Protein chains: 2
Amino acid sequence: MAKASTVYDVAAHSGVSIATVSRVLRRPDDVRASTRERVLASVRELGYVPSAAARGLAASRTGVLGLYFPSLDAMEELDDAEFLPGPGAALVDLVVDMPDSGAVRPPNLYFDEVLRGSEFEAWRQGFALMVGVGRGSNPTDMVNDIAGRVDGMAILAQSVSDEVLEHVSRRIPVVLIAGPRRGDDFDHVSVSNTEGMKALTTHLIDGCGVTDFAYVAGPPDSPDDAERHAGFVAALRARGLDPRAVPVHRGEFSRLRGRAVADTLLAGRRMPRAVVCANDQMALGVLDVLGAHGVDVPGDVIVTGFDGIEAGRQAAPRLTTVRQPMVDLGRAAMRAILSRLENPEQPPISLRLPVKVLLRESSEGRR
Amino acid sequence: MAKASTVYDVAAHSGVSIATVSRVLRRPDDVRASTRERVLASVRELGYVPSAAARGLAASRTGVLGLYFPSLDAMEELDDAEFLPGPGAALVDLVVDMPDSGAVRPPNLYFDEVLRGSEFEAWRQGFALMVGVGRGSNPTDMVNDIAGRVDGMAILAQSVSDEVLEHVSRRIPVVLIAGPRRGDDFDHVSVSNTEGMKALTTHLIDGCGVTDFAYVAGPPDSPDDAERHAGFVAALRARGLDPRAVPVHRGEFSRLRGRAVADTLLAGRRMPRAVVCANDQMALGVLDVLGAHGVDVPGDVIVTGFDGIEAGRQAAPRLTTVRQPMVDLGRAAMRAILSRLENPEQPPISLRLPVKVLLRESSEGRR
DNA sequence: GCCCTGAGTGTAAGCGCATACATCTGAGAA
DNA sequence: TTCTCAGATGTATGCGCTTACACTCAGGGC
């Protein structure tokens, strides 16, 4: 790494001008074959790797797309504690792992899957992907930082103030992922939360004959939760049921919260026929407790979730849920950016991806 | 986005020189407070976001660290099929999800968790993270591309040829993640595969009285698999057992493969007392089949895995395994890069992270 | 034999920023 | 009052690359 070599070095080494070196790399066909070979040989010999910074400056595009997430629960666990083993540390630690030991780390599907989709689509379109997570005292500094490094970026909605959004969008295209639409000015991709929950609820009423519900909601500031609850209410109304008669248990989107709600329900007078939860984690918590108390699911009580996480497929009984296309969300976001890049004047994009209601044994079993 | 504004615009707008604008952003204390405010107001008003390309060029460092992965199974599924809904597409699709419908998508822990750790550590150190996955006809083109964009990068071992490795490492520090050590020239972080498998196997022999094994190995070209198998063999030897007497079933690291092996075992003369698998996916496949055939685990057969994925915790019975610190692997890789960046002349780093043997019900139950 | 043409290559001008160095200003010292 | 010096700001250069444009040098048509 003794001073990385540059076009000048390669040019000198192969006896051509820097323009020719550049051409060999960007438009090889414009250069005579013999010259090209000579230059490529120098590239190999000198270990030359073009500087993307210089290239980006000159071409005024970076070839990078950005993805920004707010801080995630799964990330918060990480801390400053030293994690590297000391000099004499054991290489193996043998422990009896009790069923309830350790916190259940919520595998953050949103992050993992949206990222996966984004990376894939960016790659397909010939872009690299830069990721950033907002943390610390000034989470949105990261947004600005990324904005300076990319040709366009996707931001998980609800995580950035309008002011910052407005600011960076003057430099690059910005697309919002999930959450409510932010004014009419930003491109936006999301999933059919409302429609999905409405379809599921309607199925419970029409297909399973449920008239007696409990609803387990997420935090009040979650736009996803609001949309899902709206779908639930709409389904009830459409069938002439009174939404106000349904008890709503509001809290955080966690498995523990689901357990707490189930305890409350069990302590109550009478169990509802169906417990509809605004996400899978909570539904799994409900299943944990009902299972432990010998309640028959779905015979006595139907339980449903939302998201379609893997753990729901592995639960017993398997959880009926609404699967969000999270990978596609990432892909669609990248596409939206590119579309905007190609055609800056087009009207704002607002894409709503379809969801899939997965009917499984927590609602469909013996009845 | 009508032409992003630059330092020049901000300078003109606030009546100062570009040097002052730059100072306001980089070293605010060197500028008089009143001037600073004026410049910051212009920054806000013009929606100015500094170009990282220009900054990188001028400062000859990018402030970005890179992470490169080879193509992953979980990624391969993604294809060019159109995924965006057509104009009249339904927003909801209601399906009865049968237990065996759909492929079991292996959540790629390696990717997700190493990435998580890398991003976190990069952020802590004030760097952004760029990710790339090798795919297509020339997977390692991506390595070169990333190398031109970052101050240092981590590469998942085994995924890049020595030639490419050598080439990019002349420009930036490169650290290899997992796999075998590559010569003595590269910095390298990995986990204690051998020691972990040896400890687990030793426990099975000493603690569970197992003398009769079957071993389910991964693909022949997997260095992880090789190390794990070496640990297994070492444990047998240390207790006077003959490794050659243990049937080894070699194949890919998948759940389906585990099921196939279990079928084979069941079809055989006699079941071994313990089935040791080189990863969790395969062990889960074995559990699937044994469970379906009413074989008592661990009463009749003990099953163990390796990796510590979440699904193993949720299996019934819960899977005994060796947990790799994947998040820490990512963090350690980023640290190694920075360490090398600060002190280019230090001797090669070779860090081996400890693993944790998790004894759960697939080996520990009633006996 | 001359001019035109196009392929191949070189020249030079930025791209937007950081920063060494020059310049200017005003307050305090003499 | 004049000089000094430090703080504040401006000037100018270069980071490594892309690319418009200029140039050279055949070969072909006249």
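Values in this document were obtained by computation on a predicted structure and should not be read as measured data. Sequence lines set the chain letters: A, B, ... in the order given, protein chains first and strands last, and positions in each chain run from 1.
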If you check the [X] side chain, which of [options] turns out closest?
| X | options | value |
| --- | --- | --- |
| A:Tyr48 | C:dA18, C:dG16, D:dC17 | D:dC17 |
| B:Ala59 | C:dT11, C:dG8, C:dA18 | C:dA18 |
| A:Arg23 | C:dA12, C:dA18, C:dT9 | C:dT9 |
| A:Thr20 | C:dG10, D:dG10, C:dG8 | C:dG10 |
| B:Ala58 | D:dC17, D:dT9, C:dA18 | C:dA18 |
| A:Val7 | C:dA18, D:dT9, D:dC17 | D:dC17 |

Take a 6.0 Å sphere around CD of A:Glu163 and say whether it holds more than 12 heavy atoms from other residues, nucleotides or ligands.
no
Below 4.5 Å, heavy atoms only, C-beta onward: do A:Leu341 and A:Ile337 meet side chain to side chain?
yes
Could you check if a side-chain atom of B:Val133 sits within less than 4.5 angstrom of a side-chain atom of A:Leu129, using non-hydrogen atoms only?
no
Give the rounded distance in Å between these two atoms: [atom1] of [X] and [atom2] of [N].
| X | N | atom1 | atom2 | result |
| --- | --- | --- | --- | --- |
| B:Arg27 | D:dA8 | CZ | C1' | 13 Å |
| B:Arg61 | C:dA18 | CZ | C1' | 13 Å |
| A:Asp29 | C:dT9 | CG | C1' | 16 Å |
| A:Leu57 | C:dA18 | CG | P | 11 Å |

Do the side-chain N or O atoms of [X] get closer than 4.0 angstrom to the phosphate oxygens (OP1, OP2) of [N]?
| X | N | answer |
| --- | --- | --- |
| A:Ser22 | D:dC17 | no |
| A:Ser17 | C:dG10 | yes |
| A:Ser60 | C:dG16 | no |
| B:Arg55 | C:dA18 | yes |

Quick one: does any side-chain atom of B:Ser5 pair with a main-chain N or O of B:Leu46 as donor and acceptor, under 3.5 Å?
yes
Any Lys/Arg nitrogen of B:Asp30 or B:Arg23 sitting under 4.0 Å from an Asp/Glu carboxylate oxygen of the other?
no
For [X], which contact category applies under a 4.0 Å heavy-atom criterion: base, sugar-phosphate, or nothing?
| X | result |
| --- | --- |
| B:Val16 | sugar-phosphate |
| B:Arg26 | sugar-phosphate |
| B:Val31 | sugar-phosphate |

Got a donor-acceptor pair under 3.5 Å from the side chain of B:Tyr8 to the base of C:dC17?
yes
Taking atom types as they are modelled, is there a donor-acceptor pair under 3.5 Å from the base of C:dG8 to the side chain of A:Arg36?
no
Return whichever of B:Ala54 or B:Gly15 has its heavy-atom-nearest nucleotide of DNA chain D closer to the 5' end.
B:Gly15
